[in-house]
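Indexing begins at 1, ligand by ligand and atom by atom, following the structure's order.
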Amino acid sequence: MSASAAPVPLTTRRSRNLRGTADIPGDKSVSHRALIFGAMAVGETVITGLLEGEDVLDTAKAMRALGATVTRDDDGTWRVQGVGTGGFAEPDSVIDCGNSGTGCRLIMGAVATHPFTTTFTGDASLCSRPMGRILDPLALFGTRSAGRSGGRLPLTLIGASDPVPVTYTLPVASAQVKSAVLLAGLNAPGITTVIEPEATRDHTERMLRGFGATLEIEDSAEGRIIRLHGQPELNPCSVAVPRDPSSAAFPVVAALLTEGSEIQIPGVSRNPTRDGLYRTLMEMGGDLSFTNEREEGGEPVADLTVRHSALRGVTVPPERAASMIDEFPILSVAAAFATGDTVMQGVGELRVKESDRIAAMEVGLQANGVKTASTPDRMTVTGSGGGVPGGATVATHLDHRIAMSFAVLGLATDAPVTVEDASPIATSFPDFQRLMRDLGAEIA
Ligand code: S3P
């Protein structure tokens with residue numbers, strides 16, 4: 001997304017009777033990985049259900065810049081002709097990852113053990129985010145880097161020409177860091193080991209196995225130990241991308257908060273490393289029912305029905321944070337209408353997402369008449385148990401999830417809510433407005 005593009009305001013008004021089926025787009029995490037692993041396999045990977053959001057399209061461009069052939073059929077099927085493990089070529093120019101921390105960090109891992117130089121940049125949001133968490137483990141492989149202060153973009157990686165395998169314990173619960181290390185380990189000899197004290201989303205591990213890599217995963221007292229055998233030949237795959245539970249969260253909370261609503265969401269991911277929001281909403285009294293549980297594209301999925309519900313505040317334990325890290329902004333909107341306090345613990349990582357999401361949500365919620373409080377790693381929302389005034393315009397800070405969260409808030413507040421710039425929504429959920437309108441939401 002271009003930081004210089006004119007802001008696109010979006011206003012939502014109190015709505016009722018949301019009805020119908022919400023066809024949620026493909027999972028962003030799985031989409032990035034399908035393109036990257038496809039580019040590292042030998043032969044043609046075929047991807048259906050790929051999220052065609054700006055973040056993922058930027059990753060597709062990056063894979064082309066590194067030598068893979070990436071094409072889209074008219075029916076939306078994507079094809080990646082991979083170059084094989086260790087087969088990337090030095091890109092001719094800067095890799096621009098736009099707004100995407102995931103794309104950028106995973107690609108850094110993928111090139112880190114190739115003997116060439118890559119320069120990365122992104123939009124104003126991405127250029128403000130910490131990259132030291134990736135550069136530190138990559139340095140253990142022999143990768144060198146030079147970036148702005150705090151390891152921020154733009155930065156240049158000089159890939160290791162003689163990489164060594166590493167053992168790395170994650171200092172933060174981050175699937176991006178875990179994945180960057182595993183991607184770098186693919187082109188290192190021997191066994192690369194990642195230890196994660198808290199489980200994070202496991203799409204990389206699932207997909208690596210699907211592409212034929214050898215991976216051992218062990219649960220131990222230290223946490224999950226993942227051992228990857230380096231320099232495999234990755235086989236091309238057919239990847240059916242499941243629907244994104246983080247995107248589904250917005251219509252789900254909209255239906256919970258608006259009177260008379262009942263919506264269906266088919267094929268939503270039920271991966272246990274991603275389902276913390278759904279568990280939390282059910283604890284709050286949300287009427288969510290999952291049927292037809294099955295496996296699609298190596299991921300557990302189910303059909304979800306959501307009905308308008310009265311909610312009560314809960315305390316979300318810190319060990320659940322990683323499984324719903326992208327869903328706290330929309331949970332804080334649900335919490336604004338619940339009875340009593342909702343306390344979100346262990347959420348310090350929210351401060352280094354596309355924006356400082358604790359600060360962005362607090363400012364916007366307070367402007368709309370909701371009481372909140374925070375510490376560096378905790379946020380509390382005091383629910384009204386009924387009406388919320390609304391009526392304010394909120395800043396979105398180049399953050400898609402902040403924009404969509406406040407758009408949902410305005411569907412249930414007394415007065416309309418305006419988000420000052422809805423354009424970041426295109427990074428992850430380009431069809432958000434049409435989908436919400438089709439369900440009956442007043443959004444314009
Ligand atoms: C992601 C990991 C999470 C999440 C992001 C997607 C991934 O980030 O917030 O939207 O696909 O690996 P962290 O690894 O920083 O927690």
Identity and distance of the protein heavy atom lying nearest [atom]:
atom: atom 11 (O) of ligand 1; result: Ser29 OG, 2.7 Å
atom: atom 6 (C) of ligand 1; result: Thr102 OG1, 3.2 Å
atom: atom 4 (C) of ligand 1; result: Asp326 OD2, 3.3 Å
atom: atom 3 (C) of ligand 1; result: Lys353 NZ, 3.8 Å
atom: atom 14 (O) of ligand 1; result: Ser174 OG, 2.6 Å

_Any side-chain heavy-atom pair of Pro245 and Asp27 under 4.5 Å_ = yes
Cationic N near anionic O, under 4.0 Å, [X] to [Y]:
X: Arg243; Y: Asp23; result: yes
X: Asp431; Y: Arg437; result: no
X: Glu349; Y: Arg133; result: yes

*For Ala175, counting its heavy atoms only, list the atoms of ligand 1 lying under 4.0 Å from any of them.*
12 (O), 14 (O)
*In terms of the angle between their ring planes, are His114 and Phe88 parallel, tilted or perpendicular, with boundaries placed at 30° and 60°?*
tilted
_Test of understanding: given a 4.0 Å heavy-atom threshold, classify the contact between Arg201 and ligand 1 as side chain, backbone, both, or neither._
side chain
*Heavy atom under 4.0 Å from ligand 1: found in Ala173's side chain, backbone, both, or neither?*
backbone
*asked:* Phe120: which residues meet the ring-ring contact (aromatic ring centres under 6.0 Å, His included) condition with it, sequence neighbours left out?
replied: none
_Are any of the N/O atoms on Ile325, whether in the backbone or the side chain, positioned under 3.5 angstrom from an N/O atom of ligand 1?_
no
*If you measure from each heavy atom of Arg33 to ligand 1, is any distance below 4.0 Å?*
yes
*asked:* Quick check on Ala322 - does any of its heavy atoms sit under 4.0 Å from an atom of ligand 1?
replied: no
*Applying salt bridge (charged side-chain N to carboxylate O under 4.0 Å, His left out), run through Glu54 and Lys61 and close with a yes or a no.*
CA-CA 10 Å; Glu54 288 171 357; Lys61 269 188 226 152; over 6 Å; no
*Has Arg357 got its NZ or CZ under 6.0 Å from the middle of the six-membered ring of Phe328, at an angle within 45 degrees of the ring axis?*
no
